[in-house]
Amino acid sequence: MDVAFSKFRNHRDPTLYDSRIVIVNTGITDRPEVAAAIDYFEKKDVGAIGIDLMFDTVYHLKGDTLLNQALSASSKAVLGFSFKELKGEYSSVSDLKSDPYFANGISKGYVNIASNDGFSIRAFEPFHKIGALEEKAFAVSIIEKLDTTITKDLKSRNHVKEWINFRRKQPGLQNEIFPINKDKVTHYTQINIDRLLSDTALYKREFWKDKIILMGFCGESDQSFSMKDRYYTPLNEQYSGKSYPDMHGVVIHANIISMLLDRKTDMINDVSDAWVYFISFCIFFANYFIFRVLLKKHLFFLVPLVRVIQILQFILFFSLCIYLLVNFNIKLSFITIITAVILSFELFEFYEHKLKKRMQSRVESFAQFLTTIPQYFKTKKIIIQDEINID
Amino acid sequence: MKSTLIKVVFCFIFILGLTFLYGQNIYVIHIEGQVSLLLGDEKKSGNLVHGPISENSIIILDKNERVKLIRSKNEICDLKIPGKYKVNQLPYQNTGNNSILGRFCEYFHSFFTNHSSPEAKSAYKSSISAISRGNMAIPKLDFPLQGDLALDAGPITFMWSHTCDTCTYALKIYNFNTKKLIYEQSSKQTEITISNPETQFIDEVKYYWKVEVVGFDLEYLVNTFNVAPKGQFDKNIFDIDYRLGIEDFEWVGTTPKCIYIMSELAALHKPNFAIQYGRSTQIRHPDNIEIKGITENFLYSNLLNNGE
């Protein structure tokens, strides 16, 4: 996935620019500024305001009151919270959340994103049971403000976790370096909150209409290269070894939202295990006949030739996996297939030298047994006929 | 061919034998403080150093000292409690197989244990919270204040102020001279009580302390305190009490007496003693609600005066 997304996708494709989402970098959180921005967006008919910030403390200052009032007046705002997974899938508890002074009556979604190593992000859970309640992911809660069919659509897929189809890179001037955004592409509009509030006249009302606003941290300023709330994604241009985390949390949420908005075409589907095993079996089968043909020819370079064939197959299946993922969003498990390629010659030799004779004798005896069945019934029929005649 | 095989087998046995013999020694791998050592005849003495140690020697451990020893088969002995220890009678704990063969077996066995494929979704846990908490204020240190602190005035409660409902704090206390961390404790509250301070601190030693918000790399405030000599707290109280007796203040009630002694201690530039006295009085007179208020008032007026 990392290789496919970072190296084989055309990040310069102009259609990747997602005008439906605007990211507002809140920098060092200033509550009066956040409150002013929420007020502003509320008046501009935006579709939803996702606030990827946690206000877990009330300082009893002016800013708290302003933020409380802005959030209470907003019907579009969605706040984030986090949960902690205990043992088992359904025994999770709520963890970090904004103070009820701010969060009461506001839509919420959890900001947890799935990782297999604690650093790299590739998947997320659309729904998760926290205590007795099923909660929605931050991205799902935001989209629900615009499109109520999202929950039904995701439920119908029946996937506990969904792969994130990372297409769009971290915006911002300071990120236009290797391994983050070497191509210097812009896939999301990112505005600094100070600049937004200082000159709101720059933006026409139509610009904001039905847009999804994501407010979150993308660095203290335009120049700062902050590592806070920043993670590794498959878009990291250096997909192995040591590298910088390449994406801020709010941009990851933006990627999830983009994918969910284009869910008819953009969701990643896994090839089922049954199919993977079937393909692996077919590889064994095909390779068996290839190796048999080569063996019959008594080639002097049989083993090197087999290895060359295996290398070619490796390249072929690797390319196929990448092609399917990049172009058709189909994720084919590479490890099982490549194991089949690697082991096929060893299993061929094992079969030829150890199993074949036994198998053949078993098959022959079974065939012999099969030939006796009609004879058995024929004899039985004669006996029954004789008994009838005697009666 | 045969002779080569014999040579290889011989070398293998030789290396294994060496490893076995070498592993019989006892080594000191960790020392905290200046630990004394008596050699076999109990006449020669010196300080314990890292490295091999004779089985006949005796380790003398004082307060706040710690030693870790290791012997063959990866057995470790951790000494923390003050006392005399004969090296050949120490209890060791096995921490796992250390032989090369054992490690090979463990490594080989690990192939057959359950490894979830990195490609499998089941290997992914929702462990990352992609959210920003904005700027975090640093905790303000309340108690103990700068100055002398008594170990013999009961439990010491370290207090700080910080407004965060979901934060976890780490209290860290260091020896001022050695910069060594001597105490660390986490809490979700804004105070931590050390019940037996005499086991943690040494008389007449200067310490510094700070409180960190777990998960936040900030420039934290630091404060220092000196541990007063043993008995000084009682002596100061006795002197003030004696003066009260001379001045015929026997009729004075608990609250005014507490205020008087606290103010006298503050006049002696011992604000920590004053607060400790207030708290110990509070424990002795749990029904007297005024003393708690007086002690807190005294603490926060001191913090205000110090510009905290």
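To find a chain, count down the sequence lines: A is the first, B the second, and so on, and within it residues start at 1.
For A/Phe55, no part lies near chain B; criterion is any non-hydrogen pair under 4.5 Å. With a 4.5 angstrom heavy-atom cutoff, A/Ile113 touches chain B via backbone and side-chain atoms both. For chain B, the nearby part of A/His253 is the side chain; its heavy atoms alone come within less than 4.5 Å.
The number of heavy atoms from other shown groups lying within 6.0 Å of CZ (A/Phe119) does not exceed 12. The local environment of NZ in B/Lys180 is crowded, with over 12 non-hydrogen atoms from other residues, nucleotides or ligands closer than 6.0 Å. Open room surrounds NZ on B/Lys292; 12 or fewer heavy atoms of other groups in view lie less than 6.0 Å from it. Crowding of B/His269 atom NE2: a count of heavy atoms from other residues, nucleotides or ligands under 6.0 Å not exceeding 12.
Considering only heavy atoms from C-beta on, A/Phe83 comes within 4.5 Å of B/Ser126 through its side chain. The side-chain heavy atoms of B/Ile128 and A/Ile121, taken from C-beta on, include a pair separated by under 4.5 Å.
If you take NZ on B/Lys125 and CD on A/Glu125, they are separated by 8.5 Å, rounding to the nearest 0.5 Å. To the nearest 0.5 Å, atoms NE2 (B/His162) and OG1 (A/Thr57) are separated by 7.0 Å. Atoms CG and OG, on A/Asn112 and B/Ser127 in that order, are 8.0 Å from each other to the nearest 0.5 Å.
Exactly one residue among A/Ile51, A/Asp52, A/Leu53, A/Ile28 makes a side-chain contact (heavy atoms from CB on, under 4.5 Å) with B/Ser132. That residue is A/Leu53.
With respect to chain B, the highest number of heavy-atom pairs below 4.5 Å among A/Gly249, A/Ser115, A/Gly80 belongs to A/Ser115.
Residue B/Tyr124 comes nearest to A/Arg122 through the heavy atom pair OH-NH1, 2.8 Å, listed as atom of the first residue, atom of the second, then distance. For the pair A/Asp229 and B/Ile131, the tightest heavy-atom approach, listed with the atom from each and the gap, is OD1-N, 3.3 Å.
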